[in-house]
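Let me begin by presenting the structure, written as C-alpha cells, before commenting on it.
Each chain gets a letter, A, B and so on, in the order its sequence line appears, and its residues count up from 1.
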There are 4 protein chains.
Amino acid sequence: MSYRPMDYIAALAEFNKEGYLKSSMRNIAGSAGVAIGNIYRYYKNKDELFDELVRPVYERYEANMAEMRQKISFSYSNDPPDVLKYYSKIEATLIDLFKTFTAEMTIVFNRSEGTKYAHAKPDLIKLSFSVIESMILKVRGNESLSEYETALARMLSSSLVEGLCLILRDNKEGYTYKKLVDQLLSIYSTGLNSVIQQMQASGRDQTQ
Amino acid sequence: MSYRPMDYIAALAEFNKEGYLKSSMRNIAGSAGVAIGNIYRYYKNKDELFDELVRPVYERYEANMAEMRQKISFSYSNDPPDVLKYYSKIEATLIDLFKTFTAEMTIVFNRSEGTKYAHAKPDLIKLSFSVIESMILKVRGNESLSEYETALARMLSSSLVEGLCLILRDNKEGYTYKKLVDQLLSIYSTGLNSVIQQMQASGRDQTQ
Amino acid sequence: MSYRPMDYIAALAEFNKEGYLKSSMRNIAGSAGVAIGNIYRYYKNKDELFDELVRPVYERYEANMAEMRQKISFSYSNDPPDVLKYYSKIEATLIDLFKTFTAEMTIVFNRSEGTKYAHAKPDLIKLSFSVIESMILKVRGNESLSEYETALARMLSSSLVEGLCLILRDNKEGYTYKKLVDQLLSIYSTGLNSVIQQMQASGRDQTQ
Amino acid sequence: MSYRPMDYIAALAEFNKEGYLKSSMRNIAGSAGVAIGNIYRYYKNKDELFDELVRPVYERYEANMAEMRQKISFSYSNDPPDVLKYYSKIEATLIDLFKTFTAEMTIVFNRSEGTKYAHAKPDLIKLSFSVIESMILKVRGNESLSEYETALARMLSSSLVEGLCLILRDNKEGYTYKKLVDQLLSIYSTGLNSVIQQMQASGRDQTQ
DNA sequence: CATGAATGAGCTTTCATTCAT
DNA sequence: TATGAATGAAAGCTCATTCAT
C-alpha cells in the first residue's frame, strides 16, 4: 500500500495482538524503535493513533455498507428476497477489504473494545439480522417477527458474523478466505432454508 | 437463587459489563453502595472476588465436560459417530448451567480475559472441533484433515460456540434457550451434512 | 500484678513482638478474643492503647531518673565522683522495674519507635553520657570534653545502654538480670578505668 | 563518591531516617523534588530501590565476612585464640566500609527491618558471639558454655556490635571511627579479660 | 457493654501524556 | 524534529477507626 512509518506498523501489530485496552504506548514506541514522545508528534493520543490506523479502512467499509443497506431496504418492497444474494454482496465487500487491510479489519471487528469502533461488529450483526428478518417476513407474510423468531434471527446473525470474523482473524494468508466464507454462508443458507420450510409447514399446520 | 450480598451482585454486573481487566474494585464498591475497603473483608483481592463468583459454576461445568470428553474419545473407535448426539449432550449441560447461572456463565465464556478462566471458551471450541473432525474423518475415511478441512472445522466449531455463547449472553429470560440452541444445532447439522455430501461427491469425482 | 484484661495482655504481647508500628489492632483484638470495636471502648486509639500500657511504668521510671539526675548534677561540684556508684543506682532502678514490668520496660526501650516514648532510650544514653562526662572531667580537671572525648563518651554510653536493653530484652526469666548487668557494668568500669588512666598518663606526657 | 541522582540521595536519607517500613515512596519522591511516578523509571519497586542502594555495599561486606568466618573456624583448632586479633579484622572491614558508605552501612545494620538485609546485624552478633565463646572455652577448657556464660556472651556480643553500629551511625565525619572503635574494643577486652580471670579463680576455688 | 461490618485515608504501583532539551 | 525524563491520575490493597445494632 502507501508508505507506512514504523510506528504505524508497530501500533497495528500491538493493537492486533493485545486489543486496544491492553495495548501500551510504550510497547508500540519500543517495537517501532522510536521514542515514546515522538509518537505524540504524529498522533494526539492513544485514541487518535487507533483512529488514524482504522478510520480510512472503516470509512470504506462503511460506505459500502451504507449502499448495501439502502439496497436491502429498497428490496424489502419487492419480490422474492434472496438472502444469499445480499450476503454475497456483504461477503464480497468484507473479503475485499480484509484481503487488503487484514490487520485493520481484524482490529475493527475483534480488537476495538474501548474505542468508538466497538460498534462495528454489532452494526454488522444488525445488518445481518435485518436481512434474515426480511427474508422470514417475506416467506411468512407477516408484519413482524414473533419474539422467538426475533431471538432466532439475532442468534443466527450473531453467529454468522462471528464466524466471518473468526475466519478473518485466524486465516492470515487470505487466499482461503473466500472458500471458507462461501462454505459458511452455504451451511447457513442450507440450514436456514430447511428451518424456514419447517416454519412454513408448521405455520400451515397451525392454520388448518 | 440463594441470597447474594450487594457487592456480589455489583461485581457480577461489573464483570459482565466491563470484563475482568476493565472492572475496577472502586466501581464495584461504588455501585454496591459500599466503601472500597469493605469488599476486602469478604474477598481477599480482585482475583479471588472473580474466582468466588465463577468457580462453583465453572467446576460443575468442568465436571460435566470431563465426562463428555471421555465418552467422545471412547466412541471414536466405534461406529458412525453422531455429531448431533454429542452436541446435544454439550447443549444440555450448557443450557442447564446457563439457565441457573446466566451471569456467571456469561462471564466465564465472554468476560474472563486476564483470569485463569480465559481458557474456557477455547477449550469448548477445541472440544467442538474434535467432534467435527472425527465426524469428517469417519465419513471420508482418511487419517487426517487437509489444511483446508482443518480451517473449515476450526471456523465452524468457533462459529458454533460463539453462537451458543451469544444466545446465552443476550437472552436473559432463559426459557427460549433450548429452542434457540436446538435450532442453531439443527442449522449447523443440516448445512454440515450437505457440505460433507458435496465433499464425498467431489472426492469421488476426482478419483474417477 | 494487678488485674489485667485480656486485651491489655494481648496488646503487650503484640507490641513486644512486633513493635508499635507493625502491631495491628486487629491482631491484638484477635488474640485477646474480643471484637475490634470493643478495644476502642477502653482506649481511644492505638496511640492511647500504647500509652495506657506504658505510661504508669514509664512514669515510675522517670521519677527515679529525675531524682538520679539531680544527685548527679549536684555531685558534679563535689569530690571524687564515682561512676560505678551512679551506674549502680541506675542499674538498681532499671532492674527493679524490669523485673516487675518486663514487657512494658522492654517495649519502652526497644519497641517504641513511632511513639512519644521513643526518646526513652536516647534519654538514658544522655544520662549515661553525662555520668561518663563528669567522670572524665573530674579526672582530667578540664572545663569541657574534647571532640574526641565527646565521641568516645557518647559511644560508650550508647553501647552500655544497648547492652542493658539487650539483657532486658532477651532474658525473660529475670533472675539472671542482676548478675548479667553487674558483669556488664564491671566490664565497662574496668575497661573505662584503664582508658582513663591512659588518658591521664598521656596527658602528663604531653604536659612535660 | 560517584554521581548520585536526587532520588538516590533522597531515598538514602528517608530510609536512614524512617527505616524501610515507614519510608514512603511519596515522601522520597517529594524530598527529591520529583513526581512519584518518575522513581519507577529507575527502580522497579520499593524493594528494588532499597536493594539498589544497599546491595553493592552489602556484597563487599559479606565477601570480607565470609573470609573472616573461615579464618576463625580454622583457628579454633589451634593455640590461644586471640579475640582482639579477630575483632581487629572485623573492625578494619567495617570501618573501611562505613567510612566510604556511611549511610548505606547504617541502613543495612540499623534500618533494614522488613527487607532481606534484616539478618545483617544478627549475623554479625552471631559471629561476635562465636569469637567470645571460643575464647571462654579455650581459657576454661570445657566442652560448652554454661547457661549463664551463654547469656553473658550473648549480651556482650550484642552490646559490642551495637556499640560498633552506634559509632558508625552517629559519627558522620569518619576520621575518628578507628580511634573510637579501637577504644571500644580495648575497653571490652580489658574488661573481658578480668572477668575471665575471675571465672578461672572462682572455678579453682570451687574445685578445691 | 460488645460486636464486627463499614469507612476512607493513604500506601505502592502503572501508564497515558507532557515538555525541556 | 526527536528524545526520554518527568508528570499525575487512577488502580489494587491495608488498616486504624467508627457506628448501627
Where the side chain of C:Ser24 meets the backbone of C:Asn27, is there a donor-acceptor pair that is under 3.5 Å apart? yes

Tell me, yes or no, whether the heavy-atom count around A:Arg55 atom CZ, taken from other residues, nucleotides or ligands under 6.0 Å, exceeds 12. yes

Taking only Lys NZ, Arg NE, NH1 and NH2, and the carboxylate oxygens of Asp or Glu, determine whether A:Glu14 and A:Lys22 approach each other closer than 4.0 Å. no

Give, ordered by number, those residues of residues 42-55 of chain A having at least one heavy-atom distance below 4.0 Å to an atom of DNA chain F; if nothing qualifies, reply none. A:Tyr42

Tell me the interatomic distance from A:Ile36, atom CD1, to E:dT18, atom P, rounded to whole angstroms. 11 Å

Between A:Ala120 and A:Tyr61 the two heavy atoms that sit nearest each other are O-OH, 4.4 Å

Below 4.0 angstrom, which residues in residues 18-28 of chain A have at least one non-hydrogen atom near DNA chain E? A:Ser23, A:Ser24, A:Met25, A:Arg26

Find the distance A:Asp7:CG to F:dA2:C1' and express it as a whole number of Å. 12 Å

Is the closest basic N to carboxylate O distance between C:Arg111 and C:Glu18 below 4.0 Å? no

Are the ring centres of D:Phe109 and D:His119 closer than 6.0 Å? no

Phosphate OP1/OP2 of F:dT17: any C:Tyr40 side-chain N/O under 4.0 Å: yes

5' priority, DNA chain F, between A:Gly33 and C:Asn38 [closest heavy atom]: A:Gly33

Which whole-number value in Å describes the distance from A:Ile39 CD1 to F:dG4 P? 13 Å

Is the closest side-chain donor-acceptor distance between A:Asp51 and A:Tyr43 under 3.5 Å? no

Contiguous Watson-Crick or G-U pair runs (3 or more, under 3.5 Å) in DNA chain E: E:2-21 with F:2-21

Just checking, any donor-acceptor pair under 3.5 angstrom between side chains of C:Asp47 and C:Tyr20? yes

With a 4.5 Å limit on heavy-atom distance, are the side chains of A:Leu21 and B:Leu21 in contact? no

Min side-chain heavy-atom separation B:Asp123-B:Met65 under 4.5 Å: no

Would D:Leu49 and D:Met25 count as a side-chain contact (heavy atoms from CB on, under 4.5 Å) here? Give the steps. CA-CA 10 Å; D:Leu49 169 56; D:Met25 295 299 268; 4.0 Å; yes

